[in-house]
Amino acid sequence: MIVCEGLGKSYKHGGRRKQVLANINFSVGPGDRLGLLGRNGAGKSTLIRLLGGVEMPSEGRVRRDMTMSWPLALDGGFQGSLTGYDNARFIARIYGREFADIRAFIEDFTELGRQLSNPMKTYSSGMRARLAFGLSLAIEFDCYLIDEVIAVGDANFQRKCQFELFERRADRAIIIASHSTEQVRSVCKSALVLDGGRGVLYDDVEAAIAAYEQL
Amino acid sequence: MSALSEGWRIQTRVIGALMIRELNTRFGRDNIGFLWICAEPMLFAGLVGLVWSFIRGPEENGIGIVAFIGSGYIPLTFFRSAVGRSNKVVEANSGLMYHRQIKMLDFVFTRVFIEMIGAMMAYVFFAGALGLVGLFPIPANPGILIAGFLLYALFTLSVCLILAPLSELSEVIEKLLPVTTYIMIPFSGTFQLNSWLSPSVRAVELWSPPANAMEIMRLGLFGDKVHPYYDLSSTLAISAVLMMIGLIMSRRMRRDIVVA
């Protein structure tokens, strides 16, 4: 289970504190798929970072009883000056995996070919997303944190995600922040709508999407 | 207890991975790669030693001047580069904070450790090369020499642990660093032995951890030619206090880090 208890985050800004999230509560178990909906700046990415332990909450806490991926987002997690292979080696090392085991999977999943030997700063956002997903799937987590990033991939990549993540790993928990109501509708079983720092949890995705579209 | 050993296992794994990554990004894989890390301290030590031997002659108080300067300057370059590399270390690595198991302290440990290994290799090469032509003595007591070096490294680490969070909080620190490390030279033991000083100056030096550690290194290197004055307990105590302050600052700062 991943449990959020009274989670809040505020940032100091010019001597003033800005409350981005306040008193967020929910839990996610194996096989659950939670969508995070909200307008730009509503705190979706911030919540993903708190869940992933990238930033620390100002109030409340996150309890993690299962393994959780790092936030799969447009940036972060990689070093641009290193090649795709070197980044993969680094990630394999810090997660205690053998690079040899992971290599074949990412070569097949990313279809990046010789690009994997080039520095990651030369990658497009879609290519970065492929590698990030490939690595996190090869490492195998119980819960995947996804911040918008599927949307940057092409149709082929989306098909692969659909198969590898949503079908083959249907027992895993997924928390996904997205602007695409279409994606949330097809992937998620429940959704949290963020507005003004507060979160409202809907067990019915259609109701959540209706509330989001009212914002 | 098992949580502690699990944490230890993860952090050693992370630091190992960070070191390999750091060496790759800094020196690449081609050529002599990370041997370059030795080049700078050796050049410094060699050239400064040469200048001093022109000014002061080949020996001072029965100690070869090139060996004396080299044995002081290599640890000093270690301190300076470790301090320089701790500046804004979190900002430089913040993309990696996406991986929860990588802690702020790992960045500091990694960089100090790499600089330390570089300085040790530079010391060995320098001593070996000059030793062949009789300008560097065989260490009288290698154990004491290494103990002194480790003490010097402990102090360096404790300073870096404070500097890493401090440099994130204030832009001024970055500007003050070069002048501070320069001002520090008289208190680093690099160019003197405590027995050469007047008792009142020596009393001040005995409060300086790097001067004490340097004195111990010189004792290990030159043996009987040195009449050592050092204060081990103040060195350990000051380093421990600095380290505690650094750890507390890092912990408090972690809460407010905004990862780009």
Side-chain angles (χ1 to χ4, degrees), chain A residues 9-13 17-18 20 45-46 48-59 61-62 64 67-83 85-97 99 117 119-121 128 132 135-136 139 141 143 145 147 149, chain B residues 3 5-30 33-34 89-107 109-111 114 165 168-171 248-260:
Chain A
K9 179 74 179 174
S10 56
Y11 291 105
K12 246 188 284 187
H13 214 67
R17 288 199 89 87
K18 182 174 183 284
V20 178
S45 294
T46 301
I48 293 268
R49 286 174 189 196
L50 294 181
L51 290 170
V54 178
E55 291 179 12
M56 298 291 136
S58 309
E59 300 103 35
R61 63 183 191 135
V62 180
R64 304 181 188 89
T67 62
M68 180 150 62
S69 78
W70 70 94
L72 303 171
L74 282 176
D75 42 31
F78 294 106
Q79 171 106 16
S81 58
L82 291 180
T83 68
Y85 279 129
D86 279 340
N87 271 298
R89 271 192 200 94
F90 175 75
I91 285 175
R93 277 188 201 110
I94 62 173
Y95 286 92
R97 298 290 195 282
F99 174 63
S117 308
M120 276 192 76
K121 60 188 167 201
R128 291 171 66 98
L135 279 169
S136 67
I139 290 170
F141 294 101
C143 177
L145 285 176
D147 190 0
V149 72
Chain B
S5 66
E6 173 74 4
W8 170 259
R9 210 170 52 81
I10 293 172
Q11 292 319 305
T12 48
R13 199 164 76 197
V14 165
I15 290 173
L18 283 171
M19 283 183 66
I20 294 169
R21 170 189 151 279
E22 183 94 6
L23 293 174
N24 272 342
T25 47
R26 260 175 75 184
F27 305 106
R29 293 156 183 270
D30 314 322
F34 97 116
V89 68
V90 177
E91 194 180 288
N93 286 298
S94 76
L96 297 179
M97 303 285 278
Y98 268 69
H99 305 286
R100 199 159 57 252
Q101 64 272 55
I102 301 181
K103 309 290 181 199
M104 265 176 58
L105 297 179
D106 294 331
F107 299 138
F109 284 132
T110 300
R111 291 200 162 172
I114 286 178
E168 303 289 329
L169 295 175
S170 159
E171 299 292 327
I248 292 168
M249 283 176 70
S250 298
R251 196 182 168 83
R252 293 194 57 137
M253 199 196 114
R254 182 66 184 91
R255 269 185 268 161
D256 292 321
I257 287 184
V258 181
V259 176

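Quantities reported herein were computed from a predicted structural model and do not represent experimental measurements. Protein chains get the first letters and strands the later ones, always in sequence-line order, with residue 1 at the start of each.
- Of all heavy-atom pairs between A:S69 and B:R100, the closest is O-NH1, 4.2 Å.
- In this structure, CZ on B:R255 lies 10.5 Å from CE on A:M56, to the nearest 0.5 angstrom.
- Scanning all heavy atoms of the two residues, the minimum distance from A:E55 to B:R254 falls at CA-NH1, 4.3 Å.
- The environment of A:R17 atom CZ is dense: over 12 non-hydrogen atoms of other residues, nucleotides or ligands sit within 6.0 angstrom.
- Residue contact with chain A, scored on non-hydrogen atoms closer than 4.5 Å, involves the backbone of B:I257 exclusively.
- For the set B:R9, B:Q101, B:M97, the entry with the most heavy-atom pairs within less than 4.5 Å of chain A is B:Q101.
- A:Q79 contributes atom CD, which lies 8.5 Å from atom CD of B:E22 (distance to the nearest 0.5 angstrom).
- Contact count against chain A (heavy-atom pairs under 4.5 Å) is highest for B:T25 among B:I15, B:T25, B:V14.
- With rounding to the nearest 0.5 angstrom, the CG atom of B:N24 is 9.5 Å from the OG atom of A:S81.
- When the candidates B:D256, B:I20, B:I10, B:N93 are compared by the number of heavy-atom contacts under 4.5 Å with chain A, B:I20 comes out ahead.
- With a threshold of 4.5 angstrom between heavy atoms, A:L82 approaches chain B through side-chain atoms but not through N, CA, C or O.
- For A:S10, no part lies under 4.5 angstrom from a heavy atom of chain B.
- For A:Y11, the part lying under 4.5 angstrom from a heavy atom of chain B is the side chain only.
- Interface remark: of the candidates A:G53, A:S58, A:A73, A:P57, A:G53 forms the most heavy-atom pairs closer than 4.5 Å to chain B.
- Considering every non-hydrogen atom in both B:Y98 and A:W70, the closest pair reads O-CB, 3.2 Å.
- A distance of 7.5 Å separates CD1 of A:I94 from CG of B:L96, quoted to the nearest 0.5 Å.
- Residue B:L18 touches chain A through both its backbone and its side chain, counting heavy-atom pairs closer than 4.5 Å.
- The salt bridge (Lys or Arg N to Asp or Glu O under 4.0 Å) check on A:R61 picks up A:E5, with sequence neighbours excluded.
- Atoms CZ and CZ, from B:R21 and A:R89 in turn, are 15.0 Å apart once rounded to the nearest 0.5 Å.
- Atom OH of A:Y95 and atom CZ of B:R13 lie 10.0 Å apart (nearest 0.5 Å).
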